[in-house]
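What you are looking at is a predicted structure, and each value in this text was computed from that prediction instead of being measured.
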Amino acid sequence: MAELKVIVFQLKDEEYAIPVQQVRSIEKIQHITRVPRVPKYVKGVINLRGVVTPIIDLRMRFGLEGAQFSDHTRVIIVALDDIEVGLIVDAANDVIDISTEAIEPPPEVVDATTADYINGVVKIGKRLFILLNLEKVLKTEKG
C-alpha cells in the first residue's frame, strides 16, 4: 500500500495538506516587501537566506477573508519545478503519512474554480484534509 507524507496546515477552520517533497521549509512570518502591480493575493517578497521569494496569502488566493497574523501564522516555502514560493497559512499543524487509497476525489458540490486547486480529500478518523494541487494554486490567471 503506497503512502504519501504530507504537511498539514490550517486556513480558517479547514485543514489542508501538501506533499512534503514539495515543501522546502516552514518559516515564521517576517517583513514582506510589497511589489506593485501584482494580483491581490501576492503579498510581496521576502529575503529568505539571500533568496528573494514571492509570498502568496492563501486565504486571499482562495477567496477567504483576510486575518491578522498571529504567533501561529507560518510561511510554508514550497518548490514547484524551479520556482520557490512562500504560502502564508494560519498554522502549520503536523506531518503525517496517508495511504494513497484514503485519497478521495473532490466532492461534486465544489465549484469549478475551487475544484481546480484540489487533488482530493483525505479522511483520517474525525479529521478531513483537503489535498492541494500546488501547480494550480501557484498558476497565475492570465487576463
Side-chain angles (χ1 to χ4, degrees), residues 3-100 102-143:
E3 291 215 327
L4 180 65
K5 192 177 283 288
V6 296
I7 293 202
V8 177
F9 63 89
Q10 189 138 10
L11 278 183
K12 208 172 172 200
D13 302 326
E14 305 296 329
E15 287 191 296
Y16 296 82
I18 45 180
V20 81
Q21 72 263 21
Q22 293 178 315
V23 176
R24 290 282 185 262
S25 64
I26 298 175
E27 309 288 333
K28 289 191 170 186
I29 199 78
Q30 54 185 279
H31 176 74
I32 300 171
T33 303
R34 303 269 322 138
V35 177
R37 301 181 59 133
V38 293
K40 262 186 152 154
Y41 59 84
V42 177
K43 283 296 191 196
V45 295
I46 61 171
N47 180 348
L48 186 64
R49 293 182 278 285
V51 178
V52 175
T53 306
I55 302 297
I56 291 175
D57 186 331
L58 266 192
R59 275 180 168 257
M60 293 180 84
R61 181 70 170 124
F62 293 166
L64 303 169
E65 76 273 359
Q68 292 294 319
F69 297 152
S70 72
D71 291 342
H72 300 291
T73 303
R74 293 291 179 266
V75 177
I76 300 178
I77 306 297
V78 296
L80 192 67
D81 301 325
D82 295 337
I83 308 165
E84 277 197 16
V85 177
L87 306 174
I88 299 173
V89 301
D90 295 348
N93 297 347
D94 18 55
V95 177
I96 59 169
D97 291 313
I98 55 173
S99 161
T100 51
I103 301 171
E104 298 176 20
E108 294 292 321
V109 294
V110 177
D111 75 71
T113 54
T114 312
D116 278 353
Y117 301 151
I118 301 174
N119 264 348
V121 177
V122 181
K123 197 169 127 187
I124 299 176
K126 292 189 184 318
R127 294 171 79 183
L128 198 65
F129 308 113
I130 298 168
L131 195 56
L132 290 184
N133 179 337
L134 265 188
E135 209 169 306
K136 295 279 174 56
V137 171
L138 299 182
K139 192 172 80 176
T140 57
E141 289 89 22
K142 304 285 184 251

**Prompt:** With Ile55, which of Ile46, Leu48, Val45, Leu87 fulfils side chain to side chain contact (heavy atoms under 4.5 Å, CB included)?
**Reply:**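 When Ile46, Leu48, Val45, Leu87 are each tested with Ile55, the side chain to side chain contact (heavy atoms under 4.5 Å, CB included) holds only for Ile46.
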Check whether any side-chain heavy atom of [X] sits under 4.5 Å from a side-chain heavy atom of [Y], and report yes or no.
| X | Y | answer |
| --- | --- | --- |
| Leu128 | Val121 | yes |
| Val75 | Ile29 | yes |
| Thr73 | Val89 | no |
| Ile77 | Glu84 | yes |
| Glu65 | Met60 | no |
| Val35 | Val42 | no |
| Leu138 | Val78 | yes |
| Thr33 | Asn47 | no |

Measure the [atom1]-[atom2] distance between [X] and [Y] for me, rounded to the nearest 0.5 Å.
| X | Y | atom1 | atom2 | answer |
| --- | --- | --- | --- | --- |
| Ile18 | Leu134 | CD1 | CG | 5.0 Å |
| Gln22 | Leu80 | CD | CG | 6.0 Å |
| Gln21 | Ile7 | CD | CD1 | 10.0 Å |
| Asp13 | Leu64 | CG | CG | 9.5 Å |
| Gln10 | Phe129 | CD | CZ | 10.5 Å |
| Leu131 | Ile98 | CG | CD1 | 5.5 Å |

**Request:** For Ile88 and Phe69, run side chain to side chain contact (heavy atoms under 4.5 Å, CB included): C-alpha distance rounded to whole Å, both residues' side-chain angles, the deciding distance at 0.1 Å, then the answer.
**Result:** CA-CA 9 Å; Ile88 299 173; Phe69 297 152; 3.7 Å; yes
Closest contact, heavy atoms only, [X] versus [Y]:
| X | Y | result |
| --- | --- | --- |
| Leu4 | Pro19 | CD1-CB, 4.3 Å |
| Asp94 | Arg127 | OD1-NH2, 3.2 Å |
| Asn119 | Ile103 | O-CG2, 4.5 Å |

Is any side-chain N of the basic residue among [X] and [Y] closer than 4.0 Å to the acidic one's carboxylate O?
| X | Y | answer |
| --- | --- | --- |
| Glu104 | Lys123 | no |
| Arg59 | Asp90 | yes |
| Arg74 | Glu27 | no |

**Message:** Walk me through whether Val8 and Val95 qualify under side chain to side chain contact (heavy atoms under 4.5 Å, CB included).
**Reply:** CA-CA 6 Å; Val8 177; Val95 177; over 6 Å; no
**Asked** Looking only at atom types and distance, does a side-chain atom of Thr53 sit under 3.5 Å from a main-chain N or O of Val51, one as donor and one as acceptor?
**Response**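 Yes; at least one donor-acceptor contact below 3.5 Å.
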**Asked** Once the angle between the rings of Phe9 and Tyr16 is folded into 0 to 90°, is it parallel (under 30°), tilted (30 to 60°) or perpendicular (over 60°)?
**Response**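 Phe9 vs Tyr16 ring planes: parallel.
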**Message:** Side chains of Arg61 and Tyr117: any donor to acceptor distance under 3.5 Å?
**Reply:**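 Yes.
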**Request:** State whether the number of non-hydrogen atoms from other residues, nucleotides or ligands found under 6.0 Å of Gln30 atom CD is greater than 12.
**Result:**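 Enclosed: over 12 neighbouring heavy atoms sit under 6.0 Å from CD of Gln30.
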